[in-house]
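Notes for the one structure printed next.
Values below: every heavy atom of this structure, side chains too, minus hydrogens, waters and symmetry copies. Order of appearance sets the numbers: ligands from 1, and atoms from 1 within every ligand.
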Amino acid sequence: MTINIILLGPPGAGKGTQARRLVEERGLVQLSTGDMLRAARSSGTEMGQRVAEVMDRGQLVTDEIVIGLIREQLAKGGNGFIFDGFPRTLAQADALGDLLADTGMSLDAVIEMQVDDEALVRRITGRFTCGNCGEVYHDETKPTAQAGVCDVCGSTDLKRRADDNEDSLKTRLLEYYKKTSPLIGYYYAKDKLAQVDGLAPMDQVGADIAGALEA
Ligand code: ADP
Ligand code: AMP
């Protein structure tokens with residue numbers, strides 16, 4: 001079954017972790033605007049350079065840039081998308097609705113991952129990822145089996161994000177509450193919203209998302 005879903009939640013809620021599971025289990029395509037922007041930065045494109053400082057401060061980049069990135073990806077087609085970290089503003093949400101309609105697609109569900117702010121600090125300060133395959137780890141809740149080696153692909157290129165520090169997280173949280181949290185009401189009113197407890201263990205969150213998608 002083809003579905004298009006949004007994973008909505010503050011930084012560190014577990015969106016990327018669950019998106020990767022959904023890719024594996026359902027063959028959906030993960031569209032993470034954060035990953036796209038980081039890729040633009042590391043390949044040194046003009047846009048990547050322009051957004052670098054904004055990202056490091058923890059602020060949102062312009063709607064125009066991220067909507068453009070999503071438009072490009074949707075134009076390539078695919079069999080069901082997981083929007084991870086997009087939309088983050090009401091303007092982005094409206095634009096996504098239009099883009100999906102233009103390509104004959106619709107939005108099936110928005111999963112809000114609920115996590116309290118204290119847990120987010122621990123999530124963000126313990127996060128590291130594999131630079132090769134993108135697997136997401138955590139110092140305490142999901143360490144690698146062998147120190148310094150990715151469980152999935154064996155790479156030793158394990159990285160921490162420049163913006164994963166307490167200072168930047170404060171700004172990112174403020175941005176979330178000011179600009180992104182209104183999307184909860186927006187999608188509730190559109191009858192798309194489902195909520196899961198993002199504080200549960202990863203497998204349980206995965207099962208709860210599956211349950212919400214069945215419903
Ligand atoms: P987001 O994409 O929402 O920013 P991530 O998926 O990168 O969040 O998760 C943030 C951190 O929390 C990562 O280090 C990840 O391993 C860890 N994590 C994700 N889900 C859980 C969970 N259910 N329980 C404990 N730790 C988790
Ligand atoms: P993320 O990987 O989702 O945590 O995003 C990392 C950073 O990229 C954010 O703090 C923003 O600076 C930027 N970013 C990612 N997605 C968006 C978006 N949809 N709108 C605006 N900025 C974004």
(request) For Thr33, take its heavy atoms, then give the atoms of ligand 2 lying under 4.0 Å from any of them. (result)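 With Thr33 as reference, the close atoms of ligand 2 come out as 15 (C), 16 (N), 17 (C), 18 (C), 19 (N).
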(message) Give the atom numbers and elements of ligand 2 that come within less than 4.0 Å of a heavy atom of Gln92.
(response)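 Near Gln92, meaning under 4.0 Å from one of its heavy atoms, ligand 2 has 18 (C), 19 (N), 20 (N), 21 (C).
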Quick one: look up the protein heavy atom nearest [atom] and list residue, atom name and how far away it is.
atom	answer
atom 8 (O) of ligand 2	Met55 CE, 3.4 Å
atom 9 (C) of ligand 2	Arg88 NH2, 3.9 Å
atom 22 (N) of ligand 2	Val61 N, 3.1 Å
atom 8 (O) of ligand 1	Gly14 N, 3.1 Å

(message) I'd like to know if Gly9 contacts ligand 1, where contact means a heavy-atom distance under 4.0 Å to any ligand atom.
(response)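 No, Gly9 has no heavy atom closer than 4.0 Å to ligand 1.
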Where the closest heavy atom to [atom] is concerned, which of [options] has it?
atom	options	value
atom 11 (C) of ligand 2	Lys179, Arg127, Gln59	Gln59
atom 22 (C) of ligand 1	Arg122, Lys15, Arg123	Arg123
atom 23 (C) of ligand 2	Leu169, Asp164, Leu37	Leu37
atom 2 (O) of ligand 1	Gly206, Gly16, Gly85	Gly16

(message) Please determine whether a side-chain nitrogen of the Lys or Arg among Arg172 and Asp164 lies less than 4.0 Å from a carboxylate oxygen of the Asp or Glu.
(response)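 Answer for the salt bridge query: yes.
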(message) Quick test of your reading of the model: are Arg20 and Glu24 salt-bridged, counting only N-O distances below 4.0 Å?
(response)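 The answer is no: the pair does not qualify as a salt bridge.
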Under 4.0 Å, heavy atoms only, figure out whether ligand 2 is touched by the backbone of [X], its side chain, both or neither.
X	value
Leu60	both
Arg161	side chain
Val66	side chain

(message) Can you confirm whether Phe86 sits close enough to Leu31 that some side-chain heavy atom of one is under 4.5 Å from a side-chain heavy atom of the other?
(response)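 Side chain of Phe86 against side chain of Leu31, heavy atoms only: no contact under 4.5 Å found.
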(message) Please check whether Pro11 reaches ligand 1 - meaning an N/O of the residue sits under 3.5 Å from an N/O of the ligand, judged on distance alone.
(response)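 The answer is no, given that Pro11 and ligand 1 share no N or O pair closer than 3.5 Å.
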